[in-house]
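Nothing here was measured: the structure is a model prediction, and the numbers come from that model. Along the sequence shown, residues are numbered consecutively beginning with 1.
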Amino acid sequence: MGFIITTSLAALLVLILSLNNNVVKSKLSEKGCDIFQGNWVYDESYPLYDSSQCPFIQHQFDCKKNGRPDLDYLKYKWQPTDIRCVLPRFNGVDFLRKLKGKRLMFVGDSLSLNQWQSLTCMLHVAVPHATYISERIGGLSNFTFPEYEVSLLFFRNAFLVDITSEARGRRVLRLDSISTSKIWGAMDIMIFDSWHWWLHTGRKQPWDLIAYGNTSVPDMDRVTAYTIALNTWAAWIDSNVDPRKTRVFFQGVSPDHASRQGSSALDCVEQTQPLRNEVGPNPAEIVLEEVLSLMQKPVYLLNITMLSQLRIDGHPSVYGLGGHSLPDCSHWCIAGVPDIWNELLNAALD
């Protein structure tokens with residue numbers, strides 16, 4: 001699989017220096033507490049649930065069922081650096097009561113699916129006798145707890161913007177078109193994600209042309225394309241979202257730990273412990289923070305990039321869908337790291 005990223009280090013530094021503090025933070029952050037700065041701490045009371053208690057985990061994420069022999073990757077909790085910052089342990093019943101009568105939707109790629117599946121498991125295990133309804137129509141999945149009047153939805157849209165088909169069968173990635181937003185519009189809480197599919201080339205590339213404005217090209221710098229699409233998404237949020245009715249989150253950039261030719265990234269295979277030192281910023285992470293900082297409407301950045309970079313041990317590796325022939329160093333085991341993302345989401349919703 002090939003990758004196209006040509007953004008220079010100088011350009012990244014310009015973006016870093018241009019960031020401001022307009023991105024909405026949690027109440028803890030407003031009190032001077034950054035819950036995204038901290039360390040992974042071994043805790044015997046984790047995980048929050050056993051994956052065997054959650055019968056609907058997709059095969060690709062169920063590392064324990066797929067034969068992973070080590071268990072330490074399940075035993076880490078996230079502890080903010082500032083001792084005044086206490087990250088509440090997830091309580092599923094409280095979460096359902098907090099969301100009573102609301103609809104929460106994840107919009108994005110399989111990393112959004114990863115977090116959505118984690119959250120449905122965390123809640124199902126918390127109320128194992130509560131009736132749930134799981135439905136899927138096309139790219140839209142809906143997991144509902146009727147007793148609590150809570151719907152947790154996942155809409156698969158890896159680019160947030162549109163891909164259309166021309167009469168000649170060519171697929172066009174339209175960076176300035178976002179018609180699928182009609183599916184998100186009525187949500188109470190929206191959590192977006194996009195990055196990994198922007199890197200695909202060859203047979204995994206899902207478009208033949210990239211179009212924006214009066215421009216149509218076979219390909220372009222992927223960070224640039226991602227930036228244009230994010231600005232299209234941001235413009236839609238600024239024009240259509242009423243913050244009194246809808247809360248908007250962005251998942252952040254989930255890191256990939258797969259080594260590739262010409263890459264210094266560590267590979268996740270046979271990794272059983274977190275890294276001790278974080279790596280440098282992901283170019284997409286920098287772009288995302290810049291776009292969010294310039295928006296008019298409040299968007300909460302669920303800033304999971306740095307803390308997830310340390311969890312090289314948390315991927316399915318050879319215990320995922322591809323097995324030993326195609327190890328998965330992009331997605332995450334469930335139970336595992338996405339549960340902590342949801343603990344952070346829970347804290348942000350308070």
Please tell me whether [X] and [Y] have a donor and an acceptor in their side chains that are separated by less than 3.5 angstrom.
| X | Y | value |
| --- | --- | --- |
| Asp256 | Ser330 | yes |
| Lys98 | Asn346 | yes |
| Asn342 | Ser118 | yes |
| Thr180 | Asn157 | yes |
| Trp341 | Ser308 | yes |
| Thr164 | Asp162 | no |

Point to revise | Heavy atoms from other residues, nucleotides or ligands near NZ of Lys65 exceed 12 (cutoff 6.0 Å) | key: no
Has the side chain of [X] got a donor or acceptor atom that lies under 3.5 Å from a matching backbone atom of [Y]?
| X | Y | value |
| --- | --- | --- |
| Arg247 | Met190 | no |
| Glu343 | Ile340 | no |
| Arg222 | His200 | yes |
| Ser181 | Ile178 | yes |
| His315 | Trp332 | no |

Check your understanding: Which word best sums up how the rings of Trp198 and Tyr226 line up, parallel for under 30°, tilted for 30 to 60°, or perpendicular for over 60°?
Key -> perpendicular
Exercise for review: Check the angle between the aromatic planes of Phe143 and Phe56 and answer parallel, tilted or perpendicular using the 30° and 60° thresholds.
Suggested key: tilted
Exercise for review: Establish, for the pair Arg97 and Tyr148, whether the NZ or CZ atom is under 6.0 angstrom from the six-membered ring centre and no further than 45 degrees off its axis.
Suggested key: no
Check your understanding: Looking at His331, Gln58, Gln60, which one forms a side-chain hydrogen bond (donor to acceptor under 3.5 Å, both in side chains) with Ser110?
Key -> His331
Exercise for review: Using ring-ring contact (aromatic ring centres under 6.0 Å, His included) as the criterion, point out the one residue from Trp78, Tyr46, Tyr76 that pairs with Trp40.
Suggested key: Trp78
Exercise for review: Flag yes if Leu113 and Leu152 sit in one hydrophobic cluster, no otherwise; membership is Ile, Leu, Val, Met, Phe, Trp, Tyr, and two members link when side-chain heavy atoms are under 4.5 Å apart.
Suggested key: yes
Practice item. Could you list the residues that satisfy salt bridge (Lys or Arg N to Asp or Glu O under 4.0 Å) with Asp50, not counting sequence neighbours? Key: Lys64
Practice item. For Gln251, check side-chain hydrogen bond (donor to acceptor under 3.5 Å, both in side chains) against everything at least two apart and list the hits. Key: Gln115
